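Computed from a predicted structure; not experimentally measured.
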Amino acid sequence: MARTKFDRQVDETAESVAFGIGRFLAGRPLRGERKTDATFWRSGTRVLPKVEGRVSRSSYRAGWQRLTFRISGLAATGAGGYWALWENRDATFATVHDVWENPGPAIATLEAGGIGLASATAVGGIAYGLLTRKRREFMREWIRPLHEALAVPLDMSELTDPRRYLHVPRNFSDDDAEIRIDVPTHMRFNEDLVADLIVKKLALENVSFTWRRAGKDTHVIVKKRQAPPKMLYLSDPGVREILAKMPESAPLIGLGAGKKKISVDLDADSPHVLISAGTGGGKSTILRCITCQFLHNGALAYVLDFKRISHTWARGVPGVTYCRDIAEIHAALIELAQEGRRRIRLAEQLDDDVLDKEPWRVGPRLVILLEEVNATMAQLKRYWAKIRESGDPKESPAVDALAEILFMGRQVRLHVLLVAQSATARAIGGPEMRENFSTRILVRYTLNAWRMLVPEVSPIPMPTEHPGRVQVVTRGRAQETQVLNLSNAEAREWAMSGVHAGGKTGTTLKKASAPAIPPANSLTGAWSSSAPAVAAPAVPETAPAANVDFLADAWSTTPALPARAPEPPPTDAPAAVDPDDAVVGLRKAQQDHLPELTLAALRWARANDPDFPGSVGKRGAELLYRVGDLKRWARNRPRGAAGTTDLD
């Protein structure tokens, strides 16, 4: 009897059902197509060759895992159905009869339940998206690029789920993290090429590779070989000695891998430093470490802290001017720009060789700490909009002054240490201003922040949550660094233990022959090209200690009078019309013109204050001075404790 088409379909269906039941009980894929190298007892790690299309996650599970899941699902479904229908059959049949007779309430209930279910699904989807955002970003930025790089060298399908053989923890940049990568057992690949790709794609440095080649479990373990110290304190062995030996222009930031000293040379590498970090990233710790070393070597520091409490350790330290209010910060930036212009004019009078060998001739090193530039710049613009008068420029002169300071070269010895949570070009004042920071310190950065600030450094090192761990980027290279963590008391002690020990304001600068330089009358004083050549202060061969009084009382500085030619000692000629043009000795100047000062104070200032006016003549052994110059110096001399201003 001939078989009909229906009979053949029945036989094929029965055969498919039989094979399906067999695959179901064997834990094999129900469609029968084996896509991964998974077995009944072992999970899969890679997709088999010539497989096309998407590979589901269940294809990587071992057969016993799939079988357990299927049997558990069937058992739960059967038990639930039995309880719902048989144990409560009377109530169920009554409910069905009621719904059949009056379907309205049932439909309303279904509608309400559907809306609730849709809302719960939406809320659950949003919560799941938020909770898994970091994991998805980690896969997108690190794991998938590594998989795409290794798939061909390892002879693996690109459809392989990278999580099956790339065991990379999210904190793989930590010192004790371990990376494991399962490799094919055939070992027909170039190990050096694979290791090089791992290092490049994960931005690793100083790592070791441990290969397991025997047996079925072939893999490679990647660990850090040399890492920066976990923590770094002044009390650690040898740290104080390292700090004492650092060059004056290159303060220590911290230690890198193999205890390598990481520093930034403000004279050779970068005159300004940008620090980018989120809240709690340790910005103030970095500034405290750098600034106290500059103060230790005699530099002056201006702390522009709109938050008022970021650097309490610097309060009252000699050489520090602490500006807290936005009005003080506004005035400070303008005065500092004027000081920079004064130094530029002075540098013009010096030969290049002299300026290179004796950079201190333009003035002491001046470090400007600008905290939270995002908020400070906005406040400066708002403050200027409030106080500006008709005819004043629209742009804040303080913002323009900051731009001018940033564009000044290292020859003027003005250095800006700028802190920003988000160092956008708009926050700093423009992309051209941001380019003045060739050294940038990043901590707890985002990938977008890295691409914005140091796009030339690739691949991007994985950020870490390790306290005090930063990336110091200079000359196109990033160096992982553990920052020296100084307490407030240690930073204050180190700042005051050097040149400023005992509250001294600096060393005495003796007069000696030097290139002809016009004298500066004040911080903002005018330099006259017609002034005669006078001897500039000479210093020892090594850079001298900076004089803290150099910029004190800057806010009360009045415009300087033009420099005048020296006048001869008084003779029988008629007295000058202007009393300020009179030439007198210190004793007569104190008696007749400066009664608020003592003769001892004038003599001390003559020997110790570099801003004290130079003599214009002699009467016997007595030096003579112009009265107007002495009065101007008295108006602008430091008042109160060193490192303060009238606004304090």
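Side-chain contact of T285 with N485: a donor-acceptor pair under 3.5 Å is absent, judged by distance alone. Side chains of Y165 and H147: a donor on one and an acceptor on the other come within 3.5 Å. Remark: the H466 side chain and the D174 side chain contain no N/O donor-acceptor pair separated by less than 3.5 Å.
Checked for salt-bridge contact, D267 and R365 meet the test: a charged N lies under 4.0 Å from a carboxylate O. Here K260 does not pair with E205 in a salt bridge; the nearest charged N to carboxylate O distance is not below 4.0 Å. Salt-bridge check for K307 with E371: failed, with every basic side-chain N at 4.0 Å or more from each acidic carboxylate O. For the pair R144 and E148, the salt-bridge criterion is not met [side-chain N within less than 4.0 Å of a carboxylate O]. The pair R440-E456 fails the salt-bridge criterion, with no side-chain N (NZ, NE, NH1 or NH2) lying under 4.0 Å from an Asp/Glu carboxylate O.
In terms of modelled atom types and a separation under 3.5 Å, the side chain of S249 and the main chain of D265 share no donor-acceptor contact. Panel note: side chain K201, backbone I143; no donor-acceptor pair is recorded below 3.5 Å. Judged by distance alone, with hydrogens and angles left aside, the side-chain atoms of N374 form a donor-acceptor pair with the main-chain N or O of Q421 at under 3.5 Å. Counting only distance, with no hydrogens or angles, the side chain of R180 and the backbone of H219 share no donor-acceptor pair below 3.5 Å. Looking only at distances, a side-chain donor or acceptor of E328 sits under 3.5 Å from a matching main-chain atom of R324. For the pair R413 (side chain) and V362 (backbone), a donor-acceptor distance under 3.5 Å is absent. Distance alone, capped at 3.5 Å, is enough to place a donor-acceptor pair between the Q293 side chain and the L252 backbone. Side-chain atoms of R164 do not come within 3.5 Å of backbone N or O of D182 as any donor-acceptor pair.
Rounding to the nearest 0.5 Å gives a distance of 5.5 Å between CD1 of I329 and OG1 of T376.
Of all non-hydrogen atoms in F437 and L406, the two that sit nearest each other are CZ-CD2, 3.5 Å. Of all heavy-atom pairs spanning W494 and C292, the tightest one is CD1-O, 3.7 Å.
At most 12 non-hydrogen atoms from other residues, nucleotides or ligands lie less than 6.0 angstrom from CD of E158. For R133, the CZ atom counts as loosely surrounded, since its 6.0 Å shell holds 12 or fewer non-hydrogen atoms of other residues, nucleotides or ligands.
A side chain to side chain donor-acceptor pair (under 3.5 Å) with Q482 holds for exactly one of R469, K259, K230; it is R469.
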Just distance, no hydrogens or angles: give the donor-acceptor pairs under 3.5 Å from side chains in residues 394-405, sequence neighbours left out.
unit_1: S396; atom_1: OG; unit_2: A398; atom_2: N; d: 3.3
unit_1: E404; atom_1: OE1; unit_2: R341; atom_2: NH1; d: 2.8
unit_1: E404; atom_1: OE2; unit_2: R341; atom_2: NH1; d: 2.9

